[in-house]
Amino acid sequence: MSDVSMKEAILREAQRRRRQAAGLIVLSAGLALLLGPLAVLETVEGMARVAVFALMAAGLAVFLGGFTFAFRHKKNANSERVAMQGNSRDRVQREYAAYVGFLPVGTLLMNFIALRSTWDLLSGRGDLHDWGFAAVGPMGSLVILQVVAGLGRGQDRRTKRLLDDELVATFRQRGLNAGFAVAVAGLVIGFGAGLYEPAWGVMAMPITLAVAAAVAAFRYAMLDRQADPNG
Amino acid sequence: MAEPRLEVRLKAVRTEAGLTQAELAEQAGVSRKTVNTVENGVFTPSVLVALSLARALDTTVEALFGLVEEPRRRW
């Protein structure tokens, strides 16, 4: 393939990725709008309950719209052509960065369920299941941090050798640094909230861990993307 | 007062050698991103990577990297 047509392919792929990302953001917003009101559903009655259902219906519509848009701009033959660029090291690192960037989005629902269960336990309404669900959130965050740090991956020796170079080590370090800064800020805020209302302090722990892990993962993926000559 | 700063001449040497970033990466056994970030001054490589790049371009590390004196900034 000539340089010109490859450049066109890269531009088309960048445009597809932007549109897909926009679709995924809308999808996530819709999911938040759909699931968020669930937290207050049991506490409201009458017209307020109808309004909550209307909000959830709007969330479902936004979710489906985002899903359709993202699906329309899914990977195609051109994406494969662009992905095959570079050496095998580039391909392994690109796929890994995409995986790291997706992890926080993939664990969003899990965190939501974990936080609900944590709140139920703190309110004295929790049962045995809630103990299990409450533990799932922090565990998911720890897995994300483990992946960003590059510890205990189930990869073969060749993949590990291709993945772990100096640049990736720098990205890992910068990602974890960003996550650490968020964790410290979250702990301070959580401590303050806990002094005012102890239950809030406990709630702040899994939230801080989830946000810190997400920031570390997004920072890693962002650095990888910035380093890519194709943008 | 002067302050030493790293000057990267990798892009100039690579272009002169008629290599693309991907070709240099392949020959030096590093990723294309590594070549790109080194050229842009975003990433300072270790001695090992610097030597690999120099070997792939059949030159010396000093030809790729140098120190320039810059006046210290006043804030």
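Note on naming: letters A, B, ... go to the chains in the order of the sequence lines (proteins, then strands), and numbering restarts at 1 for each one. Because only heavy atoms are used, hydrogens play no part in the values below, and waters and symmetry mates are left out as well, while side chains stay in.
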Straight-line distance of [X] [atom1] to [Y] [atom2], nearest 0.5 Å:
{"X": "B/Lys33", "Y": "A/Gln226", "atom1": "NZ", "atom2": "CD", "result": "11.5 Å"}
{"X": "A/Arg94", "Y": "B/Arg32", "atom1": "CZ", "atom2": "CZ", "result": "8.0 Å"}
{"X": "A/Arg89", "Y": "B/Glu26", "atom1": "CZ", "atom2": "CD", "result": "10.0 Å"}

Distance-only donor-acceptor hits, side chain of residues 19-31 of chain A, under 3.5 Å, sequence neighbours excluded:
residue, atom, partner, partner atom, Å
A/Gln20, OE1, A/Arg16, NH1, 3.3
A/Ser28, OG, A/Leu24, O, 2.8

* To do: Indicate the atoms forming the closest heavy-atom contact of B/Asn36 with A/Ala227, along with that distance.
  =>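 Residues B/Asn36 and A/Ala227, closest heavy atoms: ND2-O, 2.8 Å.
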* Could I get the full list of salt bridge (charged side-chain N to carboxylate O under 4.0 Å, His left out) partners for B/Glu7, not counting sequence neighbours? =>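 Testing B/Glu7 for salt bridge (charged side-chain N to carboxylate O under 4.0 Å, His left out), a comparison that skips the adjacent residues, returns B/Arg9.
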* To do: Pick one of side chain, backbone, both or neither for A/Arg174, based on which atoms fall under 4.5 Å of a heavy atom in chain B.
  =>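 Side chain only.
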Which side-chain N or O atoms in residues 107-114 of chain A pair as donor and acceptor under 3.5 Å with protein atoms at least two apart or in another chain?
residue, atom, partner, partner atom, Å
A/Thr107, OG1, A/Leu103, O, 3.1
A/Thr107, OG1, A/Pro104, O, 3.2
A/Asn111, ND2, A/Thr107, O, 3.3

* Asked: Only one of B/Val35, B/Val30, B/Val38, B/Thr37 forms a side chain to side chain contact (heavy atoms under 4.5 Å, CB included) with A/Leu167, so which one is it?
  ->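 Testing A/Leu167 for a side chain to side chain contact (heavy atoms under 4.5 Å, CB included) against B/Val35, B/Val30, B/Val38, B/Thr37 leaves exactly one candidate, B/Thr37.
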* Asked: Do B/Thr34 and A/Glu166 touch side chain to side chain, with heavy atoms closer than 4.5 Å?
  ->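 They are not in contact (no side-chain heavy atoms under 4.5 Å apart), so the answer is no.
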* **Within 6.0 Å of CZ in A/Phe133, more than 12 heavy atoms from elsewhere** =>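 Result for CZ/A/Phe133: open.
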* Answer yes or no: does atom CZ of B/Arg5 have more than 12 heavy-atom neighbours from other residues, nucleotides or ligands under 6.0 Å? =>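 Above 12, so yes.
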* Positions in residues 42-50 of chain B that reach chain A, provided some heavy atom is under 4.5 Å away ->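 Result: B/Val42, B/Phe43, B/Pro45, B/Ser46, B/Val49.
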